[in-house]
Amino acid sequence: MDTIQITLPDGATREVPSGTTAAQIATQISPRLGKEALVARADGELVDLSRPLDHNIKLSILTAKDPDAVQVFRHSAAHLLAAAVLELYPHVKLGVGPPIDTGFFYEFVREQPFTLEDLEKIEAKMHELAAKDVPNERKLLPKAEALELYRKANQEFKCELIEEKAIEPMVSFYTTGKFIDFCRGPHIPSTGRIKAFKLMSVAGAYWKGQEGNPQMQRIYGACFVDQKELDEYLHKLEEAKRRDHRKLGTDLDLFSIQDEAGPGLIFWHPKGAIIRREMEDWLRAELTRRGYDLVFTPHVMRLELWKTSGHANFYRENMFAPMEVEKADYQLKPMNCPGHILIYKSRLRSYRELPIRLAELGTVYRYERSGVLHGLLRVRGFTQDDAHIFCMPEQIEKEVQDCVEFAWEVLRVFGFERYEVELSGGDPLRPQDYAGTPEEWKHAEDALTNTLKRMNVPYKFMPGEAAFYGPKIDVKLVDAIGRPWQLSTVQFDFNLPGRFDLEYVGEDGSRHQPLMVHRALWGSVERFFGVLIEQYAGAFPAWLAPVQASVLPVSGKFEEYAKQVTQQLKDAGIRVHLDDRNEKLQAKIRDAQLQKIPYMLILGGKEVEANTVAVRHRAKGDLGPRSLDQFIADLKSEINSRAAV
RNA sequence: GCCGAGGUAGCUCAGUGGUAGAGCAGCCGAUUCGUAAUCGGCAGGUCGCGAGUUCAACUCUCGCCCUCGGCUCCA
């Protein structure tokens, strides 16, 4: 019999008879590996463990430690879901069922909606099928036969997939017991190991994710190889709920959204407003330090202006409808750029002035479809920490670099440690959605790429994600529980300077067109605030905390002293609250803790006697007594350093 | 926008056609208390809005408003 040579990842080689499977090799290496193996990688390609190997090959045996293997595992779990659904509801039509980051989903078409009770039944059926340890077997069918099979079963979506995806005459299927599914694979050998999963929700989804296509019911499941990981994930979801800025916004009285006013419109309550003011004060100082000029521009401007800028064309879907005033149409601004451009254009500019950096905390209004609104993170009215930089070509890379560095300073000051950078380019297949020529786009993308490379910033290239007027660098930050949020953005613009005939007089005395960079670091004050609430779980560092210290007299007897202390703190510029309610100390402490107030000053007989304050920190607990002056000095230094405690 | 689930007191939630409930918060009183909830009382509602069915609607039907989850991740 022929032998073939298997090269393992450590370089070792093995001679085995042709037709040996990866599973057999795994068991040879060690019985334990044989048991833990989920799937194999042969010459870089994922294959079933049961696939007979017939030529010399580089082989890795993958276990749950390999992320790709986990995805295969989840994909098999998706098949298990479909198998269970088909047993319970034989007439459903099948869509697709891929793995996702935390599990899997599968799509179905069924007349009646799946209810929560249905999900329970399906989950039980999945466990039942898993317990039988049914093998996942690969089968090859001629394309015509495959189509015929699905036609008979009325599975028109599967037919569509085969028509689109099958390039070879034979197409692969996987069977899980009675269930058979058109699938490239690979899969784990059998269902027995799929135990740690939980069906989470059922949601509507368009076929192939495209609006206008039929809607399917998508059943989502969380799924991990180990129960422990599933438990951790479910715990993380609980944690996320606890930190949800919408809940904390109400609990801590930071902001609200009101039906009477309209969806996606934010009311900043006094405590939220304090945080915003501190944030803005920091930002304005930083902008000034970095050579930006702060401006203000109107909220409504003539529609004509938005035609010039191209927004009325490219951005129409996201704008509020124009309003008519004295027979002229006015447009509520969805962006700040045209306003800043008008300031630039208000007089002739010299190359000596460049770069000109115009910054504005500019409030904009955008029409977002009702289904996409989400707390502070996706709203219809918001304030961007916007700026537009007008510069000469030779200045552009430096300006972009400064923006990216500024963005990092923002992340540092607000306590974010993890971030991801994306470079978003145009979509070459949809040039009609973008302003400017392909050459201009290439030039701009190159400039951004160079900057990132020079700064040694790892980034992902995202084609088709650019703004309509130019490519951009986006900084997405990763919050405490691993979710990414897009905030900072630095966007090139080869469009507006031309549309508005922007010019400057160069050294040569003739007129040139400046380049333009749009940038926002928080993205919007609202979104950044929302992320910040979740980042700190509402426990803001002292410099941002709406109430920095709460004075808690042990009983009414010490009210006089408490009032004195409170006034001294106020005089020192500390945001302080006196809790003089007729409550026990424990209750006052509890309420201060729940309000996440950084410091509590407990005042009783001992403190009056010694003229001290007993300090309790919301996280560190009882810190003992000290003089009020000492406390004030310590707190002021904590505030001034913007310590992230 | 679309699919699904929801909307009952400030908050969290119970209430399957027959006089709207609880806990917390609030107010009043008692208590004067040492590091995460003192006790008692009172008040609080157009049951999201509007139509309809019914002797009777928080409850059933229809329309609208709003909220939540999802709608990118290739068999």
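By convention in this document, chain letters (A, B, ...) are assigned in the order of the sequence lines, proteins followed by strands, and residues within each chain are numbered from 1.
- A:E239 and A:R242 are joined by a salt bridge, as a carboxylate oxygen and a charged side-chain nitrogen come within less than 4.0 angstrom of each other.
- Distances shorter than 4.0 Å separate some side-chain N or O of A:R246 from OP1 or OP2 on B:G69.
- On the C1' atoms, B:U16 is 31 Å away from B:C2, given to the nearest whole Å.
- A:R218 has no side-chain polar atom (N or O) that falls below the 4.0 Å cut-off from OP1 or OP2 of B:C3.
- A:H374 has a side-chain polar atom (N or O) that falls below the 4.0 Å cut-off from OP1 or OP2 of B:G69.
- Comparing the same atom, P, in B:G18 and in B:C58 gives a spacing of 10 Å after rounding to whole Å.
- One atom, CE of A:M216, and another, C1' of B:C71, lie 12 Å apart when rounded to the nearest Å.
- In the displayed structure, A:Q258 atom CD is contacted under 6.0 Å by more than 12 heavy atoms of other residues, nucleotides or ligands.
- A donor-acceptor contact shorter than 3.5 Å is absent between the side chain of A:Q217 and the backbone of A:E111.
- Between the NZ atom of A:K241 and the C1' atom of B:C68 there is a distance of 11 Å, given to the nearest Å.
- Each of A:H75 and A:Q210 was assigned the nucleotide of RNA chain B with the nearest heavy atom; the assignment lying further toward the 5' end belongs to A:Q210.
- Stem regions annotated for RNA chain B: B:1-7 with B:65-71, B:10-13 with B:21-24, B:26-30 with B:38-42, B:48-52 with B:60-64, counting only runs of 3 or more consecutive pairs of Watson-Crick or G-U type with both contacts under 3.5 Å.
- Using a distance-only test at 3.5 Å, with no hydrogens or angles considered, a donor-acceptor pair links the side chain of A:R618 to the main chain of A:K596.
- For the pair A:R581 and A:D591, the salt-bridge criterion is met [side-chain N within less than 4.0 Å of a carboxylate O].
- Sorted by residue number, the list of members of residues 79-94 of chain A with any non-hydrogen atom under 4.0 Å from RNA chain B is empty.
- Side chains of A:S550 and A:D579: a donor-acceptor N/O pair is absent below 3.5 angstrom, by distance only.
- For the pair A:L119 CG and B:C3 P, the computed distance is 19 Å after rounding to whole Å.
- Residues passing the ring-ring contact (aromatic ring centres under 6.0 Å, His included) test with A:Y561, sequence neighbours excluded: none.
- Rounded to an integer number of Å, the gap from NZ of A:K198 to C1' of B:G69 is 14 Å.
- For the residue pair A:E107 and A:W207, no side-chain donor N or O sits within less than 3.5 Å of a side-chain acceptor on the partner.
- Look at A:Y220 and you'll find a side-chain N or O under 4.0 angstrom from OP1 or OP2 of B:C71.
- Residues passing the ring-ring contact (aromatic ring centres under 6.0 Å, His included) test with A:F255: none are found, sequence neighbours excluded.
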What string of B, S and - do you get for nucleotides 32-39 of chain B, 5' to 3', when a contact is any protein heavy atom under 4.0 Å? BBBBBBB-
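- Here the two rings, on A:F108 and A:Y106, have centers that are under 6.0 Å apart.
- In this structure, A:E87 pairs ionically with A:K125, as a charged nitrogen and a carboxylate oxygen lie closer than 4.0 Å.
- Between A:K158 atom NZ and B:C74 atom P the separation is 13 Å, expressed in whole Å.
- Taking atom P in both B:G52 and B:U59, the straight-line distance is 14 Å, to the nearest Å.
- When heavy atoms are screened at a 4.0 angstrom cut-off, A:I162 is found touching no nucleic acid atom at all.
- B:C24 and B:C60 have their C1' atoms separated by 34 Å, given to the nearest Å.
- Atom CD of A:E609 has 12 or fewer heavy atoms from other residues, nucleotides or ligands within 6.0 Å.
- Donor-acceptor pairing under 3.5 Å, judged by distance alone, is present between the side chain of A:Q215 and the base of B:C2.
- To the nearest whole angstrom, the two C1' atoms, one in B:A22 and one in B:G44, are 14 Å apart.
- A salt bridge links A:K563 to A:E559: one of the charged nitrogens lies within less than 4.0 Å of a carboxylate oxygen.
- For RNA chain B, the neighbouring residues in residues 250-268 of chain A, judged by any heavy atom under 4.0 Å, are A:D259, A:P263.
- Cation-pi geometry between A:R110 and A:Y89 is met: the NZ or CZ atom falls under 6.0 Å from the ring centre, inside 45° of the normal.
- When the C1' atom is used for both B:G45 and B:C13, the distance is 15 Å, rounded to whole Å.
- Cation-pi contact between A:R74 and A:F224: present, with separation from the ring centre below 6.0 Å and deviation from the ring axis of at most 45°.
- The side-chain tip of A:R626 does not point at the ring of A:F631 from less than 6.0 angstrom away and within 45° of straight on.
- Spacing of C1' atoms, B:C47 relative to B:G6, comes out at 14 Å, to the nearest Å.
- Taking the P atoms as reference points, B:G34 lies 33 Å from B:A43, given to the whole Å.
- Distance, A:D474 CG to B:U72 P: 19 Å, rounded to whole Å.
- Rounding to whole angstrom units, CZ of residue A:R74 and C1' of B:C74 are separated by 17 Å.
- A straight line from CD1 of A:I100 to P of B:C71 spans 8 Å, rounded to a whole angstrom.
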